[in-house]
Number of protein chains: 2
Amino acid sequence: MPPNLQPTFRALSDPTRRNILRMLGQRDMTIAEVSAQFDMTRAAVKKHLVVLSDGGLITVRTEGRERINTLNAQALKPVTDWLSWFERFWDTHLDALKDAIETEDTELEKDTKDDTGHHTND
Amino acid sequence: MPPNLQPTFRALSDPTRRNILRMLGQRDMTIAEVSAQFDMTRAAVKKHLVVLSDGGLITVRTEGRERINTLNAQALKPVTDWLSWFERFWDTHLDALKDAIETEDTELEKDTKDDTGHHTND
DNA sequence: TTGACGTGATACCCTTTGGCATCATATCAA
DNA sequence: TTGATATGATGCCAAAGGGTATCACGTCAA
C-alpha cells in the first residue's frame with residue numbers, strides 16, 4: 001500500500017520547490033545555500049523545505065550549526081507509479097502491465113480526508 | 001521546449017482532481033456524472049474541471065446541453081518527463097540516458113514568474 | 001567570554017483555493 | 001409553450017499558501 005500521495009503531490013505543486021529538488025539533485029545544500037539561489041528570505045525557503053520534508057522528498061541532517069538538506073528521490077516513486085497508470089493512453093507497447101492495470105482499476109485514491117470514495121464506476 | 005508545467009502540477013495537487021482523472025480514464029463523463037461521485041456540489045466539481053482543463057489534462061466537447069469531459073492523458077507526459085530526471089537516483093540500469101541527463105542538468109525550470117533562475121550551480 | 005553565524009519559531013499579511021448558495025441561460029421533451 | 005434538465009456564472013466565505021519581519025537559541029571561532 002503506497003503512502004499518502006497528497007503530501008508529495010503538494011510538495012511538487014510549487015515551482016520553487018521543484019527547483020529546489022533539482023538543485024539538491026546535484027549536491028546537498030544547507031538552508032543558506034538554497035536560499036542564496038532565490039529572491040526570497042531564508043524563512044520563506046525554510047517553509048518550502050518543510051513542505052518538501054513533509055512530502056518525504058528531502059531529509060535533513062544536523063552538522064554542527066548547519067542543517068544539510070539531502071534529496072530523497074525515492075519519495076517520487078509513488079508519484080511516478082501513480083502517473084504510470086495513464087501511460088496506456090499514449091504508450092502502445094504495453095502488454096504484461098495490462099493485467100496489473102486492470103486489477104488496479106477499481107482502487108482509486110484514498111489519501112485524504114476529502115476522498116469520499118464514492119466511485120461507483122465499473 | 002515543454003509547455004509550462006505549473007498548471008499541470010497544480011491540477012495534480014488535489015486528490016479530488018486526481019480521482020477525476022482516474023474516472024475519466026475509464027470513460028468520458030458529463031459534469032453531472034462526475035459530480036455524482038463526490039460529496040460536493042456540482043459547482044465545486046465544475047471548478048475542479050476548470051483547473052484540470054487549465055492544466056490541459058481534460059478536454060470538453062459540447063453535446064446538446066451536455067458537456068462531455070474527456071481525459072487528455074498526453075498532458076501528463078511533461079510531468080513524467082520532469083520526474084524521469086530523478087529516476088537516476090533509484091534506478092540503476094540507466095545507460096544511454098546519462099548523456100541527455102547531463103546536458104539537461106543546467107536547465108532548471110522556468111515556468112512561472114517567481115522562477116528567478118538564480119541557480120548558480122555547476 | 002564574546003560575537004558572528006546558521007537556524008528555528010512565531011506573528012502578521014495578502015492572495016489563492018476549495019467549498020457553498022444562488023441565479024441566469026440553453027436545450028430537450030411533452 | 002412549458003417545464004425539467006444540464007450547465008455557466010457570480011458572489012461569498014473560511015482556510016490554506018507563500019511571503020515578510022523579527023526574535024530566540026545553539027554553535028563556532030577568537
Side-chain angles (χ1 to χ4, degrees), chain A residues 4 6-21 24 27-55 57-70 109 111-116 118, chain B residues 4-21 23-24 27-55 57-70 109 111-116 118:
Chain A
N4 287 352
Q6 184 52 25
T8 312
F9 269 111
R10 216 275 261 184
L12 292 176
S13 69
D14 182 274
T16 297
R17 288 193 288 268
R18 291 196 296 277
N19 280 336
I20 290 176
L21 290 181
L24 294 180
R27 70 168 184 280
D28 293 356
M29 299 178 79
T30 67
I31 298 181
E33 285 175 323
V34 175
S35 300
Q37 308 297 110
F38 298 97
D39 277 336
M40 64 181 76
T41 62
R42 176 187 55 79
V45 170
K46 161 70 172 173
K47 279 191 180 182
H48 284 304
L49 291 172
V50 168
V51 175
L52 288 169
S53 179
D54 289 345
L57 291 167
I58 67 172
T59 58
V60 189
R61 73 174 183 278
T62 301
E63 202 148 303
R65 59 182 163 183
E66 296 183 335
R67 307 271 286 172
I68 315 292
N69 299 273
T70 304
E109 197 166 350
D111 63 359
T112 55
K113 74 296 173 187
D114 53 345
D115 174 54
T116 57
H118 281 185
Chain B
N4 287 352
L5 289 173
Q6 185 52 24
T8 312
F9 268 110
R10 217 276 261 185
L12 292 176
S13 69
D14 182 274
T16 297
R17 288 194 288 268
R18 291 196 296 278
N19 280 335
I20 291 176
L21 289 181
M23 291 165 49
L24 294 180
R27 71 168 184 279
D28 292 357
M29 299 178 78
T30 66
I31 297 181
E33 286 174 324
V34 174
S35 300
Q37 309 296 110
F38 297 97
D39 276 337
M40 66 181 74
T41 63
R42 177 188 55 78
V45 170
K46 161 71 173 171
K47 279 193 179 180
H48 284 304
L49 291 172
V50 168
V51 174
L52 287 170
S53 180
D54 289 344
L57 292 167
I58 67 172
T59 58
V60 188
R61 74 174 184 278
T62 301
E63 202 148 302
R65 58 182 163 182
E66 295 181 336
R67 307 272 286 174
I68 314 293
N69 299 274
T70 304
E109 195 167 350
D111 62 358
T112 53
K113 74 297 172 185
D114 53 345
D115 175 51
T116 57
H118 280 186

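Numbers restart at 1 for each chain; the letters A, B, ... are given by sequence-line order, proteins then strands.
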**Q** Measure from the side chain of A/Lys46, starting at C-beta and using heavy atoms only, and say which of C/dT7, C/dG8, C/dC20 lies closest.
**A**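 For A/Lys46, the side-chain atoms sit closest to C/dG8.
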
**Q** Report yes if a side-chain nitrogen or oxygen of B/Arg42 is closer than 4.0 Å to either non-bridging phosphate oxygen (OP1 or OP2) of D/dG8; otherwise report no.
**A**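 Indeed not, no polar side-chain atom of B/Arg42 lies that close.
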
**Q** Quick one: on DNA chain D, does A/Val45 or A/Glu63 contact a more 5' nucleotide (nearest heavy atom)?
**A**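 Nearest-nucleotide comparison on DNA chain D picks A/Val45.
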
**Q** Ignoring backbone atoms, test whether B/Arg10 places a side-chain nitrogen or oxygen under 4.0 Å from the OP1 or OP2 oxygen of C/dT17.
**A**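 For C/dT17, OP1/OP2 do have a side-chain N/O of B/Arg10 under 4.0 Å.
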
**Q** Should B/Asp54 and B/Arg10 count as an ion pair when the cut-off is N to O under 4.0 Å?
**A**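 Salt bridge flag = no for B/Arg10 with B/Asp54.
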
**Q** With respect to the phosphate group of C/dC20, does any side-chain polar atom (N or O) of B/Thr41 fall under 4.0 Å of OP1 or OP2?
**A**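 The answer is yes; a side-chain N or O of B/Thr41 sits under 4.0 Å from OP1 or OP2.
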
**Q** Where the side chain of A/Arg67 is concerned, which of C/dT7, C/dT27, C/dG18 is the nearest nucleotide?
**A**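 Nearest to the side-chain atoms of A/Arg67, counting from C-beta on, is C/dT7.
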
**Q** Looking at A/Leu49 and A/Ile58, what are the two nearest heavy atoms and their distance?
**A**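 Closest approach of A/Leu49 to A/Ile58: O-CD1, 3.4 Å.
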
**Q** Between D/dT20, D/dT7, C/dG8, which nucleotide gets closest to the side-chain atoms of B/Glu66?
**A**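 Minimum distance to the B/Glu66 side chain belongs to D/dT7.
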
**Q** Quick check on DNA chain C: between B/Ser13 and A/Ile68, whose nearest nucleotide comes earlier from the 5' end?
**A**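 Of the two residues, A/Ile68 wins.
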
**Q** For A/Arg65 and B/Asn69, find the nucleotide of DNA chain D closest to each by heavy atoms; which residue's nucleotide sits nearer the 5' end?
**A**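 Mapping each residue to its closest nucleotide by heavy atoms, the 5'-most match is B/Asn69.
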
**Q** With a cut-off of less than 4.0 Å, is there a side-chain N or O of B/His48 near OP1 or OP2 of C/dT17?
**A**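 Result: no.
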
**Q** What is the distance from NZ of B/Lys47 to C1' of C/dT16, rounded to the nearest Å?
**A**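 In whole Å, C/dT16 C1' and B/Lys47 NZ are 11 Å from each other.
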
**Q** Without decimals, in angstroms, what is the distance between A/Met40 CE and D/dG17 P?
**A**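 Those two atoms, CE and P, are 16 Å apart.
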
**Q** Classify B/Ala43 by what it touches in the nucleic acid, base, sugar-phosphate, or nothing, heavy-atom distance under 4.0 Å.
**A**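 If one applies the 4.0 Å heavy-atom cut-off, B/Ala43 turns out to touch a base.
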
**Q** Of the nucleotides C/dT7, C/dC20, D/dG18, which one has an atom closest to the side chain of A/Thr30?
**A**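 My answer, after comparing the listed nucleotides, is C/dT7.
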
**Q** Just to be sure I understand the rule, does A/Ala32 reach a base, reach only the sugar-phosphate, or reach nothing, if contact means heavy atoms closer than 4.0 Å?
**A**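 The residue A/Ala32 makes sugar-phosphate contact but no base contact.
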
